[in-house]
Amino acid sequence: MHHAKTDSEVTSSMAPSSPSRAPYYVQSPSHDDGENHSKTAASSFHSSPAASPPRSLGNHSRESSSSRFSGKVPSAGSSRRGVAGGGGKRGGGGGGGEAARRSPWMKEAAIEEEGLLMEDDDDADGRAGGFSALPKKVRYGLAFVSAFLVLFTFFALILWGASRNQKPVVSVNSVTFHSFVIQAGTDASLVPTEMSTINATVRLTFRNTGSFFGVHVTAQPVTLYYSQLLMASGDMKYFYQPRKSQRKVAVTVVGNKVPLYGGGAGLSSTPGPKGVPPPPVPLQLTLRIRARALVLGKLVKPRFYNNVQCSVRLDTTKLGKAISLKKSCTHV
């Protein structure tokens, strides 16, 4: 069935063919308001030749064609191919159109969001720093050293606690008075007073009960007091005592011409009338012994103190004889 061609179709068929142009888009100026931007973009999109709705063919089709396309009017076949091609490009270039429609304020928002994400990454890297940022070998080394120190400290505490229960034992066995003399004299400032001279020997036993350590033993001077008056003193020499062993120690206590200043008015070293011996002199024997153990070198050094006080009666009739003190001493 044949149809009569209209004037516009005849004119289009008579016009020389020209290469079809791709449809183009016109981007309107951007606005700050997003809603206005979307409206403007929509109006610009519909104002493009490819997106404008088809118009009725008539006498004014030539004018509308010339207003929509620049250049010569293409033929009907070319127009159809151009429209089909334009539709393909419009369908494939949708992403490019979206990027073109993106306004500067949207780009700025995207940049700010990227900056915030980078700051979050920097904060996460900072938090992930410290020990975890060190190389693996360094971390293993530090962990090994820390574990060794913890174990070593724990072992040292065990040794220290075990050594505290192994305190050395000091036993005062006896004292022997070799001489005791009370005589008149003068002190260093030539003040006349009674003078006392004592020579004695104190014997004791030191026993180290430690099962895994030896001790270094020192002592304060061993003293003999009459009331609150110092009568004689002597020093004990330093010695080292191995583990699980003991030794006997003798300390010489001497007091040479000690002024009594009236404190010893009742003291006498000579027999009375008819050969009556003088009364015994009550004395107080005191000694303080310190023992230091080196359990783990110089890192664990427990110290032990033994304070002993003994009551002694100096009897001039027993000079040169040992006086037992096993039941006369107390540990304080």
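Side chain of Asp315 to backbone of Pro280: no donor-acceptor contact under 3.5 angstrom is found. In terms of modelled atom types and a separation under 3.5 Å, the side chain of Thr193 and the main chain of Tyr261 share a donor-acceptor contact. A donor-acceptor pair under 3.5 Å links the side-chain atoms of Thr209 to the main chain of Lys167, judged by distance alone.
At a threshold of 4.5 Å between non-hydrogen side-chain atoms, the residues Val222 and Leu285 count as touching. At least one side-chain heavy atom of Ile323 sits less than 4.5 Å from a side-chain heavy atom of Phe177. In this structure the side chain of Leu204 reaches within 4.5 angstrom of the side chain of Leu287, judged on heavy atoms. Counting only heavy atoms from C-beta outward, the side chains of Gln284 and Ser311 approach each other to under 4.5 Å. Here the side chains of Met231 and Leu260 are in contact, with some heavy-atom distance below 4.5 Å.
Annotation: Arg207, atom CZ; neighbour count of heavy atoms from other residues, nucleotides and ligands within 6.0 Å does not exceed 12. Within a 6.0 Å sphere centred on CZ of Phe155, heavy atoms belonging to other residues, nucleotides or ligands number 12 at most. Counting non-hydrogen atoms of neighbouring residues, nucleotides and ligands closer than 6.0 angstrom, the CZ atom of Phe148 reaches no more than 12 such neighbours.
Taking every heavy atom of both residues into account, Pro277 and Thr317 meet most closely at CB-CG2, 3.8 Å. Nearest heavy atoms, Gln166 versus Gly210: OE1-CA, 2.9 Å. When all heavy atoms of Leu224 and Leu230 are compared, the closest pair comes out as O-CD1, 3.6 Å. Between Arg243 and Ser211 the shortest heavy-atom distance is NH1-O, 3.1 Å. Taking both residues in full, the closest heavy atoms of Glu194 and Ala184 are given as OE1-N, 4.0 Å, listed atom of the first, atom of the second, then distance. Cys329 and Val172 get closest at one heavy-atom pair: SG-CB, 3.9 Å.
Grouping the Ile, Leu, Val, Met, Phe, Trp and Tyr side chains by contacts below 4.5 angstrom, directly or via other members, places Val258 apart from Val312.
Using a 3.5 Å distance cut-off with no hydrogens or angles, the side chains of Thr223 and Thr286 do pair a donor with an acceptor. Under the 3.5 Å distance criterion, with hydrogens and angles disregarded, a donor-acceptor pair is assigned to the side chains of Asn173 and Thr205.
Ring orientation note: the planes of Tyr240 and His216 are tilted relative to one another, at an angle of 30° to 60°.
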